Protein chains: 2
Amino acid sequence: MSDKASQARTAILKVLSELEGHPAGAARISERLASCGVTLQPRTVRFYLLQLDREGLTSFISRRKGRMITPAGREELGRANVLEKVGFVQAKVDTLSYRMSLNVESGDGELITNVALLKNQDISRAFAELKPVFERNLGMGDRLCIVPSSASFAGHTIPGGYTGIGTICSVTLNGVLLAAGIPITSRFGGLVEMRSNRPVRFTELIEYAGTTADPLEMYIRAGMTRVRECVKTGNGIIGASFREIPSLAMDQASLIFKKMEKLDLGGVLTIGRPGQPLLDVPVAEGRTGFVVMGGLNPIAAIMEAGIACTFGSLSGLEPYTRFARLAVIFRHYMNSLR
Amino acid sequence: MSDKASQARTAILKVLSELEGHPAGAARISERLASCGVTLQPRTVRFYLLQLDREGLTSFISRRKGRMITPAGREELGRANVLEKVGFVQAKVDTLSYRMSLNVESGDGELITNVALLKNQDISRAFAELKPVFERNLGMGDRLCIVPSSASFAGHTIPGGYTGIGTICSVTLNGVLLAAGIPITSRFGGLVEMRSNRPVRFTELIEYAGTTADPLEMYIRAGMTRVRECVKTGNGIIGASFREIPSLAMDQASLIFKKMEKLDLGGVLTIGRPGQPLLDVPVAEGRTGFVVMGGLNPIAAIMEAGIACTFGSLSGLEPYTRFARLAVIFRHYMNSLR
DNA sequence: ATTAAAGACGGCAAAAATGCCGTAATAAGT
DNA sequence: ACTTATTACGGCATTTTTGCCGTCTTTAAT
């Protein structure tokens, strides 16, 4: 058995093992594989599944349900060094995507957040920075959550003297689409050059499949964004993420985007045409690309203003109801000062 | 013709076109393709070359020399949107690798540099930071170049009030190996955790093939390094780069590494064993991985010390003779102060 | 219940990618 | 000039992938 075949088999086992007992068919497996860098057509997956079945590593459940991994299969997976076979980076990214699997749905539920920590005394200044960013729709959605000291948020407790700002992470969108059965692939995180409030092109890109750290986080820390400038003049550089879905699912996706906007969760910057490159980024035949705002753009503005601030993306889950529109928060905050 | 085949053909044409009139055989082309993300065996390359020959896009030169691209081929390449076919990111990375093609050789020649700009008044402090970094061998080589205001370096002129510090870029090593006919692939840039002055593992990685910006540069700007700590305690986080060569060439490479050390250009942190993972990073069958110090580590230390400093990697070429050992520079500098 | 629709299988064969290997053209050494 | 080593080619056969398509289940709707 060639090196390649063995990698394919291992990867298939791995996908099945992550499905937690749910059986899956070749099509689903193929999608999953694609999102972690292994491209195999469904037919090819079936080809390998047949082998694996015969070796007792997977078992055929039913014509409708597909296959499951067997205990022997799990054992085999343990023996095979997945990192070695499927690729180290992919593996790390996998855990990352795993974290983004939970999600909201049309009405409520929990969504994925980013958290930034600021010293209490910097909050007023931070607000002043945040407001125009949201007004210009450069963030993901239009809601955020202010967390006072010693309250807890997304599983963390805010330390004394600090205030937390929870923003909505753009992978929430992935969760929503996934829940609707649309297989979405995050391809790149990058910096988009804006001119007259419109995206022109990506000036930098990092493939999600080829990195262990969230690209947008890196760009912001590295001080490569120009969110404030974009707010002021309409020209600047903001964080964004390039994603792809099957062109067939585009109509359905558009509907979902609209629904999200109604929840103040809109964040789609621009949508490409089927199979056509978008902002110079090519997409595969049969797929459509679109660009989503970086959920951290508001935080980037704070950093750019020189306000000390620590932050992290994909921090955890919080119910939708905990987030409020900036205007509302602002009013509350003003009242609390009185 | 499938999408994949057309990509393969375009990629082959692209490689040939970059060879500037020199003919090449399938083996060489295959190597080049590999280093920009397209994996095709030499036989497969020949398969496509045959097609291209028939279509007049390439021409057979001789049994010994291989093929060249024809004017028609170049035209075709112009028509085909290379970015679209071969991948946007790859293309950007290509230009980057292209820049690293020139190099030193056993005695002298030009090498590839990074440049940092500091305010004149910060120079003394910067020296104090640089010294221990080089003493601990955390930089690439043991030489650097101090460039006074308005002098020029690597094609740039240092602005008034500033001093430039030129360090040796670790891609110089690629150039040297390449010149010796060893095909080397840069796989990842990342952060290595050091304990007791020994590398333990990569804490972060970014694939060179999947990014438009130099990963190490990003990590340093993002403030994710701990070079000073490593200098002081032997434990810390430094920038490094993971590269691979064919296992067969390892002996030859070791010799070259030794020669480079004699020129104070040593920078190899650790070398793996054939086909074995190194610091948890797996390598392909028949290849050997090794880790090279980030040429920017000394600059990272300066940044960590809070000294304002702008810098860039792969800034340009400078003759070896322009670099001197830190001790020598230090002495000169002291004299100049008198 | 009965029927229709969706999803999954695997046989068969075509398309792609390679492995093996004998032959040809050079380069280098004697 | 002659021999040897090196490098590249392309024919042929194999191995991998993948497309096409008829069949079988299961779910959902009538």
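Note that the structure is predicted; figures quoted are calculated from it, not measured. For the numbers below, each heavy atom of this structure counts, side chains included, while hydrogens, waters and symmetry mates do not.
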Next item on the list: Could you please spell out the steps behind the side-chain hydrogen bond (donor to acceptor under 3.5 Å, both in side chains) verdict for B:Ser59 and B:Thr70?
Entry: CA-CA 6 Å; B:Ser59 76; B:Thr70 65; over 6 Å; no
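- Counting distance only, with no hydrogens placed and no angle test, the side-chain atoms of A:Arg46 and the base atoms of C:dG11 include no donor-acceptor pair under 3.5 Å.
- Distance CG (B:Asp53) to P (D:dA8): 15 Å, rounded to an integer number of Å.
- D:dG10 atom C1' lies 17 Å from atom CD of B:Gln41, rounded to whole Å.
- Atom pair A:Arg54:CZ and C:dC9:P shows a separation of 14 Å (rounding to whole Å applied).
- For C:dA8, one of the phosphate oxygens OP1 or OP2 lies less than 4.0 angstrom from a side-chain nitrogen or oxygen of A:Arg28.
- At whole-Å resolution of the value, CZ in A:Phe47 and P in C:dA15 are 18 Å apart.
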Next item on the list: Please test A:Ser241 against A:Arg243 for side-chain hydrogen bond (donor to acceptor under 3.5 Å, both in side chains), starting from the C-alpha separation and ending with a verdict.
Entry: CA-CA 6 Å; A:Ser241 163; A:Arg243 314 210 174 153; 2.9 Å; yes
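- The CD1-P distance, from B:Ile29 to D:dG10, rounds to 11 Å in whole Å.
- In this structure a side-chain-to-backbone donor-acceptor pair under 3.5 Å is missing from A:Thr211 to B:Ile206.
- Rounding to the nearest 0.5 Å gives a distance of 9.0 Å between NE2 of A:His22 and CE of A:Met68.
- Mapping A:Leu40 and B:Gly66 onto DNA chain D by nearest heavy atom places B:Gly66 closer to the 5' end of the strand.
- Side-chain N or O atoms of B:Thr58 include one that pairs as donor or acceptor with a backbone N or O of B:Asp53 at under 3.5 Å.
- Whole-Å rounding puts the B:Leu49 CG to C:dT18 P distance at 14 Å.
- Taking atom CZ of residue B:Phe60 and atom C1' of nucleotide C:dA25, one finds them 8 Å apart after rounding to whole Å.
- A:Phe47 is linked by a ring-ring contact (aromatic ring centres under 6.0 Å, His included) to nothing, counting only residues two or more places apart in sequence or in another chain.
- Here the P atom of nucleotide D:dG11 and the CD atom of B:Gln51 are 13 Å apart, to the nearest Å.
- A close approach under 4.0 Å does not occur between any side-chain nitrogen or oxygen of A:Arg43 and OP1 or OP2 of C:dA13.
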Next item on the list: Determine, step by step, whether B:Leu205 and B:Phe242 satisfy the side chain to side chain contact (heavy atoms under 4.5 Å, CB included) criterion, reporting the C-alpha distance in whole Å, the side-chain angles of both residues, the deciding distance to 0.1 Å, and the verdict.
Entry: CA-CA 9 Å; B:Leu205 287 176; B:Phe242 191 93; 5.5 Å; no
Checklist line | Nucleotide-resolved protein contact map, nucleotides 22-30 of chain D, B/S/- at heavy-atom distance under 4.0 Å | finding: BBBSB----
